[in-house]
Protein chains: 2
Amino acid sequence: MSNDNPKADISNAEFEVLDVLWDDYPATSSDIVERLNQKKPWHDKTVKTLLSRLVKKGVVDFDKAQRQYLYRPLIAREDYTKKEASSFVSRIFKGKVAPLVAGFANQNSLSQQDVDELKALIKQWEQNND
Amino acid sequence: MSNDNPKADISNAEFEVLDVLWDDYPATSSDIVERLNQKKPWHDKTVKTLLSRLVKKGVVDFDKAQRQYLYRPLIAREDYTKKEASSFVSRIFKGKVAPLVAGFANQNSLSQQDVDELKALIKQWEQNND
DNA sequence: CAGAAAAGATTACACATGTAATCTTAAAAA
DNA sequence: TTTTTAAGATTACATGTGTAATCTTTTCTG
């Protein structure tokens with residue numbers, strides 16, 4: 001049973017760790033703890049546990065450098081977030097993305113920048129699908 | 001400690017139950033089991049457990065009708081999905097909705113209809129924010 | 001009326017998750 | 001070299017979750 005295919009289901013806390021690892025890697029656990037602590041006051045032991053779980057799940061790996069480990073993600077952020085988004089939208093909005101965006105609009109959570117980006121995406125889409 | 005404010009954190013399985021309840025309510029547990037079984041082969045006892053948990057969490061309530069209960073949601077689907085979407089997008093995309101949509105586009109998961117709906121949303125948004 | 005059936009309540013139980021504390025071991029410091 | 005540290009490994013432990021089975025109670029059914 002190799003680790004070729006990440007057997008994920010990354011928990012929320014695990015995702016936070018992965019998230020800062022994606023920001024810059026390879027990184028030691030201390031690096032990661034430090035970055036996380038900009039935002040959340042997580043105990044160093046907690047972060048280590050989460051790193052180990054990510055390793056066991058096959059989404060993070062490491063190389064030994066003396067006594068520390070240098071961690072790195074085995075999956076790309078883009079790939080992961082794309083899949084999560086798809087499955088979220090399937091679950092909650094029966095796969096349609098527009099209702100999700102509608103909720104944002106309705107909640108005044110859309111900025112001019114968001115709208116500009118959406119327009120650019122649409123223009124691009126239309127060029128590819130005329 | 002009243003049940004005024006739903007103390008949610010609705011699990012995935014619980015959400016499935018709530019989802020079919022939203023489709024049509026009030027509904028008995030048998031109604032719900034039947035509707036769920038269109039899609040997933042859940043044991044009737046399982047569904048009852050999930051209903052009880054939803055009641056305990058304050059997101060579903062019921063009225064007694066003879067020996068059965070008539071369940072109904074205490075929160076609106078729109079409200080719930082809006083909040084879930086916000087928190088999902090915050091967690092995964094740092095709050096920006098466009099990258100989520102970009103992932104869909106990039107994955108060829110956008111239909112003409114989605115695009116039409118997005119365009120309508122944008123037009124609407126622009127009318128409100130000129 | 002007695003027994004069966006069915007609704008809901010209670011109990012079960014393994015695995016996941018958040019959140020560490022303790023144990024081991026190796027490297028750094030004195 | 002002995003001692004202290006600090007990294008990672010192992011263990012812990014309460015609560016949540018998926019997935020029911022069993023218990024209680026109340027209505028039908030015969």
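In what follows, every chain begins at residue 1, and chains take the letters A, B, ... in the order their sequences are listed.
Distance B/L51 CG to C/dA7 P: 13 Å, rounded to the nearest Å. In this structure, B/L50 places its CG atom 10 Å from P of D/dA20, rounding to the nearest Å. In this structure, CD of A/E16 is placed 10 Å from P of C/dG18, rounded to the nearest angstrom. If you measure from atom CH2 of A/W42 to atom P of C/dT17, you get 13 Å, rounded to the nearest angstrom. Between B/I10 atom CD1 and D/dT17 atom P there is a gap of 10 Å when expressed in whole angstrom units.
The shortest distance between the side-chain N/O atoms of A/K57 and the OP1/OP2 oxygens of C/dT17 is below 4.0 Å. Taking 4.0 angstrom as the limit, A/Y69 places a side-chain polar atom (N or O) nearer than this to OP1 or OP2 of D/dA9. Distances shorter than 4.0 Å separate some side-chain N or O of A/S11 from OP1 or OP2 on C/dG18. Distances shorter than 4.0 Å separate none of the side-chain N or O atoms of B/T28 from OP1 or OP2 on C/dA7.
Between B/S30 and B/T49, the residue whose closest nucleotide on DNA chain C is further toward the 5' end is B/S30. Residues B/F62 and A/H43 each lie close to DNA chain C; by heavy-atom proximity, the contact nearer the 5' end of the strand is made by B/F62.
Closest of all the heavy-atom pairs between A/P99 and A/F93 is CB-CD2, 3.8 Å.
Checking C/dA20, C/dA7, D/dA7 against every side-chain atom of B/Q68, the shortest atom distance belongs to C/dA7.
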Go through the steps for A/K119 and B/E126 under the test salt bridge (Lys or Arg N to Asp or Glu O under 4.0 Å), then give the verdict. CA-CA 11 Å; A/K119 284 166 83 170; B/E126 289 182 326; 2.7 Å; yes
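In the helix from C/dC1-D/dG30 to C/dA30-D/dT1, the end axes, each obtained as the rotation axis mapping the C1' atoms of four pairs onto the next four within a five-pair block, lie 10° apart to the nearest 10 degrees.
Counting atom types as modelled, B/R53 pairs a side-chain N or O with a base atom of D/dT19 as donor and acceptor under 3.5 Å. Evaluation of atom-type donor-acceptor distances gives no pair under 3.5 Å for the side chain of B/K45 against the base of D/dT19.
Looking only at atom types and distance, the side chain of A/E16 has no donor-acceptor partner in the side chain of A/N12 under 3.5 Å away.
Two residues are said to be in side-chain contact when any heavy atoms from C-beta on lie closer than 4.5 Å; B/Y69 and B/L51 fail this criterion. You'll find the side chain of A/L54 stays beyond 4.5 Å of the side chain of A/L21, heavy atoms only.
When atom types are taken as modelled, the side chain of A/D116 and the backbone of A/Q113 share no donor-acceptor pair closer than 3.5 angstrom.
Relative ring orientation between A/F15 and A/W22 is described as perpendicular, the plane-to-plane angle rising above 60° on a 0-90° scale split at 30° and 60°.
At the heavy-atom level, A/N12 lies under 4.0 Å from the strands shown only through sugar-phosphate atoms. Counting any heavy atom pair closer than 4.0 Å across all strands shown, A/T46 reaches a base atom.
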